[in-house]
Amino acid sequence: MIIEPRTRGFICLTSHPKGCEQNVIDQIEYIKSKGAIDGAKKVLVIGASTGFGLASRITSAFGSGASTIGVFFEKPPSEGRPASPGWYNSAAFEKEAHKAGLYAKSINGDAFSNEIKKQTLDLIKADLAQIDMVIYSLASPVRTHPDTGVKYKSVLKPIGAKFQNKTVDFHTGVVSEVSIEPAEGDDIENTVAVMGGEDWKMWIDDLKSEGLLSEGFTTIAYSYIGPSLTEAVYRKGTIGRAKDDLEATAFTISDSLKALKGKAYVSVNKALVTQASSAIPVIPLYISLLYKVMKAEGIHEGCIEQIQRLFQDRLYSAKTPIDDKGRIRIDDWEMRADVQARVAELWKEATTETLPKIGDLKGYEKDFFNLFGFMVEGVDYDKDVNEIVEIPGLQ
Ligand code: NAI
Ligand code: NA
């Protein structure tokens with residue numbers, strides 16, 4: 001079959017196996033070109049199939065020669081229907097890792113559940129004995145609590161007051177006003193239950209109580225801050241409360257790792273086009289202006305460049321630099337005063353008419369389609385793709 005992008009709103013319903021494979025190969029080549037990183041050797045990545053988690057798995061494997069276990073929640077292919085992109089990414093990653101002689105296995109299922117945790121722990125016991133790093137990179141709209149069975153849904157809402165600002169539909173380029181009603185009822189606690197730190201801590205507690213963490217163990221999760229432009233919907237909104245909780249959990253986990261001389265970190269990363277961020281109002285307009293400015297300055301990065309720099313210059317540097325809240329900052333170039341001042345100016349000028357010139361809508365669109373394996377250089381989209389792609393190390 002010939003696979004073409006089919007979009008509905010902010011999602012793409014199809015994905016291209018060859019395009020996803022090419023994306024993974026390009027990321028691997030990038031990591032190899034940057035040289036070895038003296039990092040962890042046995043790594044568990046939770047949320048390993050797309051975005052920052054995939055980049056972390058690639059950097060661990062091809063930068064540090066690590067054995068990796070990846071956990072993710074992806075849709076396998078079926079007759080006449082492509083898989084979700086994270087499936088193809090993981091298939092390509094494992095194929096390349098095995099070719100390079102690296103251990104790589106994967107588990108597909110709900111990381112919030114007791115079953116998937118147990119399956120992962122059993123796999124570590126059987127194959128790796130102990131691990132020295134856990135990367136926690138889940139982004140999910142829902143979580144079923146493993147103990148109570150309660151299903152929580154996260155929301156992206158401001159807190160306290162209605163939010164009104166500009167946004168763009170990046171498919172049409174139309175800039176319009178959006179207005180989002182403030183959180184109500186259990187919105188805040190539900191969002192914290194899904195995207196806060198509880199599940200991260202559960203993973204580390206389970207691994208520790210089974211003796212699966214080696215001395216000097218490290219774990220890292222990803223957060224975001226962003227500028228005042230997006231503050232009301234992001235950092236001071238419901239999702240921001242979840243990030244506050246995640247960041248606080250790093251300290252709780254670090255305390256629990258003292259006997260092991262271990263440590264939990266949160267890294268604040270740059271705003272990037274992923275499936276998760278395309279769904280947040282206002283963020284696509286911000287990103288399209290940010291990309292324009294950062295590309296003009298020669299400081300634009302994607303997930304792989306971010307994670308490479310995070311590992312090389314922060315996590316595995318002689319002394320890991322942190323901010324006054326204990327966080328690693330790899331959003332430093334996004335948050336540079338000159339960059340933010342320029343974005344704020346452009347924001348005022350942004351209309352449907354001006355945006356194609358002052359913003360990087362094309363770059364946004366390309367990154368969005370790239371997530372699904374489309375618009376990737378070097379891929380022949382006219383060629384039939386018929387094989388059902390398997391993930392070689394899937395358990
Ligand atoms: P993503 O959507 O690309 O990746 C999410 C991953 O989680 C995928 O591997 C997916 O399969 C997995 N997943 C989702 N639900 C799951 C479940 N129930 N069980 C197992 N796996 C599941 O997201 P992205 O953007 O890479 O986000 C990762 C982290 O980085 C999040 O904490 C996010 O808030 C943070 N971050 C994202 C930024 C952005 O601009 N995209 C900026 C800074 C931080
Ligand atoms: Na991820």
Side-chain angles (χ1 to χ4, degrees), residues 10-12 20 23 44-58 69-76 83-90 93 106-117 119-120 135-146 151-154 156 191 194-197 199-200 202-203 220-226 230 234-235 238-240 242-247 249-250 266-280 283-284 286-287 290-291 301-304 306-307 310 327-331 334-335 364 367-368 370-372 391:
F10 299 116
I11 54 168
C12 184
C20 291
N23 278 336
L44 168 63
V45 185
I46 304 164
S49 53
T50 57
F52 285 114
L54 173 65
S56 304
R57 190 177 193 188
I58 291 172
I69 293 176
V71 179
F72 45 77
F73 207 4
E74 300 294 343
K75 188 168 57 71
S84 54
W87 180 277
Y88 293 133
N89 291 341
S90 301
F93 169 81
S106 295
I107 292 175
N108 188 30
D110 181 8
F112 297 128
S113 71
N114 289 330
E115 294 70 32
I116 290 297
K117 286 190 176 71
Q119 204 188 327
T120 309
I135 292 146
Y136 188 83
S137 187
L138 291 184
S140 172
V142 289
R143 172 178 173 226
T144 301
H145 198 285
K151 187 172 179 175
Y152 297 100
K153 280 189 71 175
S154 71
L156 295 159
T191 306
V194 180
M195 288 298 287
D199 182 64
W200 183 23
M202 282 180 165
W203 271 100
I220 190 161
Y222 299 135
S223 189
Y224 182 66
I225 298 176
T230 61
Y234 199 95
R235 193 62 207 211
T238 49
I239 183 72
K243 291 304 185 191
D244 290 344
D245 184 74
L246 183 82
E247 292 173 13
T249 303
V266 164
S267 170
V268 181
N269 298 351
K270 177 199 184 196
L272 280 169
V273 181
T274 63
Q275 280 171 266
S277 66
S278 324
I280 311 178
I283 300 283
Y286 169 68
I287 289 182
L290 180 73
Y291 273 27
E301 296 174 300
C303 287
I304 197 69
Q306 275 270 292
I307 299 298
L310 168 64
R327 303 171 296 207
I328 299 177
R329 303 297 296 266
I330 204 73
D331 64 340
E334 168 182 359
M335 298 309 281
Y364 193 104
D367 277 11
F368 178 80
N370 281 178
L371 297 174
F372 303 90
I391 301 174

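We count ligands from 1, going down the list as the structure has it; atoms in each ligand are counted the same way.
Close approach of ligand 1 to Phe112 is summarised as follows: ligand atoms under 4.0 Å from at least one heavy atom of the residue are 18 (N). Near Ser137, with a cut-off below 4.0 Å to any heavy atom, the atoms of ligand 1 are 5 (C), 6 (C), 7 (O), 28 (C), 29 (C). Which parts of ligand 1 touch Ala48 is read off a 4.0 Å heavy-atom cut-off, strictly below it: atoms 9 (O). Counting the atoms of ligand 1 from 1 in the order shown, those under 4.0 Å from a heavy atom of Gly51 are 3 (O), 26 (O). When each atom of ligand 1 is checked for a heavy atom of Glu74 under 4.0 Å away, the hits are 10 (C), 11 (O). Against a heavy-atom cut-off of under 4.0 Å, Gly109 is close to the following atoms of ligand 1: 19 (N), 20 (C). Residue Ser223 has at least one heavy-atom neighbour below 4.0 Å for each of these atoms of ligand 1: 43 (C), 44 (C). Atoms of ligand 1 lying under 4.0 Å from at least one heavy atom of Ala271, given by number and element, are 40 (O).
Put simply, the side chain of Asn108 does not reach to within 4.5 Å of the side chain of Ile391, judged on heavy atoms. At least one side-chain heavy atom of Tyr291 sits less than 4.5 Å from a side-chain heavy atom of Val273. Using a 4.5 Å heavy-atom threshold, the side chains of Phe372 and Gln275 count as touching. Counting heavy atoms from C-beta outward, Phe73 and Ser140 have side chains that stay 4.5 Å or more apart.
Among the atoms of Gln275, none of the N or O lies under 3.5 angstrom from an N or O of ligand 1. Of the N or O atoms in Phe52, one or more lie within a sub-3.5 Å distance of an N or O in ligand 1. In terms of polar-atom proximity, defined here as any N/O pair under 3.5 Å, Lys243 does make such a contact with ligand 1. Below 3.5 Å of separation, one finds no N or O of Tyr224 facing any N or O of ligand 1. Residue Leu272 has at least one N or O atom closer than 3.5 Å to an N or O atom of ligand 1. Considering backbone and side-chain N/O atoms, Ala111 comes within less than 3.5 Å of an N/O atom of ligand 1. Distances between N or O atoms of Asn269 and those of ligand 1 include no value under 3.5 Å.
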Report task. Before giving the answer on side-chain hydrogen bond (donor to acceptor under 3.5 Å, both in side chains), spell out for Asp199 and Tyr136 the whole-Å C-alpha distance, their side-chain angles and the decisive distance to 0.1 Å. Result -> CA-CA 10 Å; Asp199 182 64; Tyr136 188 83; 2.7 Å; yes
Query raised in the report: Between Asp110 and Arg143, is a salt bridge (charged side-chain N to carboxylate O under 4.0 Å, His left out) present by the stated rule, with each step listed?
Result: CA-CA 9 Å; Asp110 181 8; Arg143 172 178 173 226; over 6 Å; no
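Glu74 pairs by the salt bridge (charged side-chain N to carboxylate O under 4.0 Å, His left out) definition with nothing, not counting sequence neighbours.
For atom 23 (O) of ligand 1, the choice among Ser90, Ser49, Ala139 with the nearest heavy atom turns out to be Ala139. Nearest residue to atom 35 (C) of ligand 1 from Tyr222, Tyr234, Phe73, Trp200 is Tyr222 (criterion: closest heavy atom). Closest heavy-atom approach to atom 15 (N) of ligand 1 among the candidates Ser140, Pro141, Ala279: Ser140.
In this structure, CZ in Arg57 is found 12.0 Å from CD1 in Ile46, a value given to the nearest 0.5 Å.
Proximity of Ala221 to ligand 1, defined as any heavy-atom pair under 4.0 Å, is not found for any part of the residue. Counting heavy atoms under 4.0 Å from ligand 1, residue Cys303 does not touch it at all. Contacts between Asp110 and ligand 1 below 4.0 angstrom, taking non-hydrogen atoms only, involve backbone and side chain alike.
Looking only at distances, no side-chain donor or acceptor of Lys270 sits under 3.5 Å from a matching main-chain atom of Gln306. A donor-acceptor contact shorter than 3.5 Å links the side chain of Lys117 to the backbone of Ala111.
Closest heavy-atom contact between Val142 and Lys153: CG1-CG, 3.7 Å.
Of the residues Ile135, Val268, Ile330, the one that meets the side chain to side chain contact (heavy atoms under 4.5 Å, CB included) test with Tyr222 is Ile135.
Heavy atoms from other residues, nucleotides or ligands lying under 6.0 Å from NZ of Lys75 number more than 12.
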